[in-house]
Protein chains: 2
Amino acid sequence: MKEDKEITIYDLAKHLKISAATVSRSLKDHPGISKSTKKKVQEAAKEMGYRSNNFARNLRKQKTNTIGVIVPKLNSYFVSSAIAGMEKIANENGYNLIISQSLESVKKEIANTITMFNSRVDGLLVSLAYDTENMEHFDVFFDKNIPVVFFDRVYEDSRSLNVIIDNYRNAYDITKHLIDEGCKRIMHIAGNLTRNVYAERCRGYKDALRDAGFEFQDELLIVNELSEEAGKELGKKILQMPNKPDAVFVANDVCAANCMQIIKTAGYSIPGDIAFAGFNNDPISKIVEPHLTTVNYPCYEMGEMAMRNLIDHLTGDGNISTTNKIILRSEIVVRASSLKGKGQ
Amino acid sequence: MKEDKEITIYDLAKHLKISAATVSRSLKDHPGISKSTKKKVQEAAKEMGYRSNNFARNLRKQKTNTIGVIVPKLNSYFVSSAIAGMEKIANENGYNLIISQSLESVKKEIANTITMFNSRVDGLLVSLAYDTENMEHFDVFFDKNIPVVFFDRVYEDSRSLNVIIDNYRNAYDITKHLIDEGCKRIMHIAGNLTRNVYAERCRGYKDALRDAGFEFQDELLIVNELSEEAGKELGKKILQMPNKPDAVFVANDVCAANCMQIIKTAGYSIPGDIAFAGFNNDPISKIVEPHLTTVNYPCYEMGEMAMRNLIDHLTGDGNISTTNKIILRSEIVVRASSLKGKGQ
DNA sequence: ATTTTTTATGCAATCGGTTGCAAATACAAA
DNA sequence: TTTGTATTTGCAACCGATTGCATAAAAAAT
């Protein structure tokens, strides 16, 4: 049954000769309404094609049932997987998602933050831009007690929940693995070191070196944007190094794979001459040859977890202020690119 | 300046000793309000930390400034890129995005459609699920004159705008290219043939064969889900064929790359023994070895275009009913995987 | 039959902007 | 000074659902 103009509870009320209040209560299964009335109302609602008006509802309840998501870039394996996980949980719980990208710029991140604030999202999920260096733009949320959950790229802040993996441990493990394979001159490629993820990975790398009795060397640490382009640049740079590394641990698979290609094309053998390891377990890591040793990052699960916690908090089932950090399980995946012993 | 409770236009009105109507008009730059008053209001608004309440506004205006997006899966190169493009345009025009995924099931697609309808999106952008076979669930939108734009996976329907590429032409070109390289037994791997994109690509493949004087052979057409997994399966299947193809044109890079790997691992040379071509120009196509010949699909631009047209329609700048189909430029990209002559 | 308790429903205010129409004020022309 | 016109502003009725409180109706207790 379809109508040209919207049916409201008043229309239903008039039709059933009862009050709008009763209709409203019947529709949301209020305990004070008799079963028979509820049934009558619900049937009439379906029959007349009633659809509830969320704005009226939100206006009255001062709640939006909408969650904002701000990510650096939508089109990356990690982000799209995480968002897929978020969407699933949000959808299951009746929440809508408003998504925007900072395109790796704080400036846009701030603008998005404001938009989200004005849209009155009930909560916010954020992975920080490449160059975000403080949290001031989130203060409005904290001030109003709107929960903010950071995932992956986070900022230590007692007012929010962080969902992450143990970047330090994984980087440590992967570096140790390279050392165990006999590598002695291990290079590390990181992203902006003020971002937790890259700082932690770098720290893991350094500690693993130290624990194995190696000394950290400045020239073996390179910071770049970890993009396809950056990977190619990196490859060229390595080719020009007089004293080449015998292993490269890159903080991201896409960059690693693109770098590997340059090195390989130049005639070096991988892992024979130079071993490689990446991070993320991006599908690309299973295609590039030799297959890339990496860290299995639970992207989808991270999205689910972050969303679930946010929603639990909103519904009062959980408390963001009691939980301050969630660390998901992740582990290194060894593939041919780092197996010096066995070769490819 | 921050307050504990929200500032409304009434607060501003009281503070400035004018009416709420004047405040409302001043804030949205209504022509009937004097410059001086406007300025006073706008300054006070900023100073008192006023933020407009969208629900009240939407409730009154019966418009949401929100656009719904339904896609099969968020975590694919094509979709995430397209959404990135959409988000950019939407954001620039003050629209919010509500995104949901059908996970390739009509059932969930229908559910999402209903959610979007109830959220009263101003317009809808859709790429259909794998198994959607009719448009009934969009009728509510058409009935209410809510514009629906389909992209990539579309359905011919006079009531909506379709944004696509020339799948037929590209498939024809790529098949012809394979023929020109000397391939005589070209296999085609398609997705569900009721989906326009796959049907068109298949048609292009067949016509190119015909025009070159080859006969289409049933056993050389395989339909699968075009996933990573399907690619691997496909590889195994080809290995078992007694009369192997000398070229494989897959409707999707991810599937093609994974298939290639199996074939290669089994000791066949590519393109020597079997040439390969894919579709999409997914980053993976530049990593797999040999690099994959494919079709450069303007994902990001398609997202932009679809969104721009939808918004133009909503603001009355364009008319969806006059434009029924937009075809974006796309072209084949020849790489080593199909160059029989030169080899890799 | 009367009072008490329980259950079911309605009244009316509220959420915060928007906007058609009327009224007030300003400014110009006569 | 008066009348006419243009410019500003305000009144008040929406938009549709929610909910505290009051009342009505039904059931139970006395």
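Atoms considered below: every heavy atom in the structure, side chains included; atoms not considered: hydrogens, waters and symmetry mates. Note that the structure is predicted; figures quoted are calculated from it, not measured. Chain letters run A, B, ... following the sequence lines, proteins first, then strands; residues in each count from 1.
The residue A/Leu27 sits apart from the nucleic acid: no heavy atom pair falls under 4.0 Å.
The residues B/Glu92 and B/Arg308 are annotated as not salt-bridged, no charged nitrogen and carboxylate oxygen being separated by less than 4.0 angstrom. Look at B/Arg51 and B/Glu6 and you find a salt bridge, because one of the NZ, NE, NH1 or NH2 atoms lies within 4.0 Å of a carboxylate O, short of that distance. Comment: B/Arg159 engages B/Asp139 in a salt bridge, judged by a side-chain N to carboxylate O separation of less than 4.0 angstrom.
In this structure, a donor-acceptor pair under 3.5 Å is absent between the side chains of A/Asn96 and A/Thr66. With 3.5 Å as the limit, one finds a donor-acceptor pair spanning the side chains of A/Asp122 and A/Thr64. A donor-acceptor contact closer than 3.5 angstrom links the side chains of B/Asn91 and A/Asn112.
With sequence neighbours left out, the side chain to side chain contact (heavy atoms under 4.5 Å, CB included) criterion links B/Ile146 to B/Phe117, B/Phe141, B/Lys144. In this structure, the ring-ring contact (aromatic ring centres under 6.0 Å, His included) partners of A/Phe78, at least two apart in sequence or on a different chain, are A/Tyr297.
When side chains are defined from C-beta on, B/Leu16 does not count as touching B/Thr22, because their heavy atoms never get closer than 4.5 Å.
Atom pair A/Lys40:NZ and C/dT9:C1' shows a separation of 11 Å (rounding to whole Å applied). In this structure, CG of A/Asn58 is placed 14 Å from C1' of D/dC15, rounded to the nearest angstrom. A straight line from NZ of B/Lys14 to P of D/dT9 spans 21 Å, rounded to a whole angstrom. In this structure, NZ of B/Lys17 is placed 23 Å from P of D/dT8, rounded to the nearest angstrom.
With respect to B/Leu310, the side-chain contact (heavy atoms from CB on, under 4.5 Å) criterion is satisfied by exactly one of B/Ile67, B/Val148, B/Val163: B/Ile67.
Residue pairs meeting the ring-ring contact (aromatic ring centres under 6.0 Å, His included) criterion with at least one partner in residues 144-163 of chain B, sequence neighbours excluded, are B/Phe138-B/Phe150.
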Per-nucleotide protein contact along nucleotides 13-20 of chain C, 5' to 3', at a 4.0 Å heavy-atom cut-off (B base, S sugar-phosphate only, - neither), is BBBBBBBB

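Using five terminal pairs a side, the axes of the helix from C/dA1-D/dT30 to C/dA30-D/dT1 at its two ends make an angle of 50°, given in steps of 10 degrees.
Shown for residues 30-39 of chain A: no residue has heavy atoms falling under 4.0 angstrom of DNA chain D.
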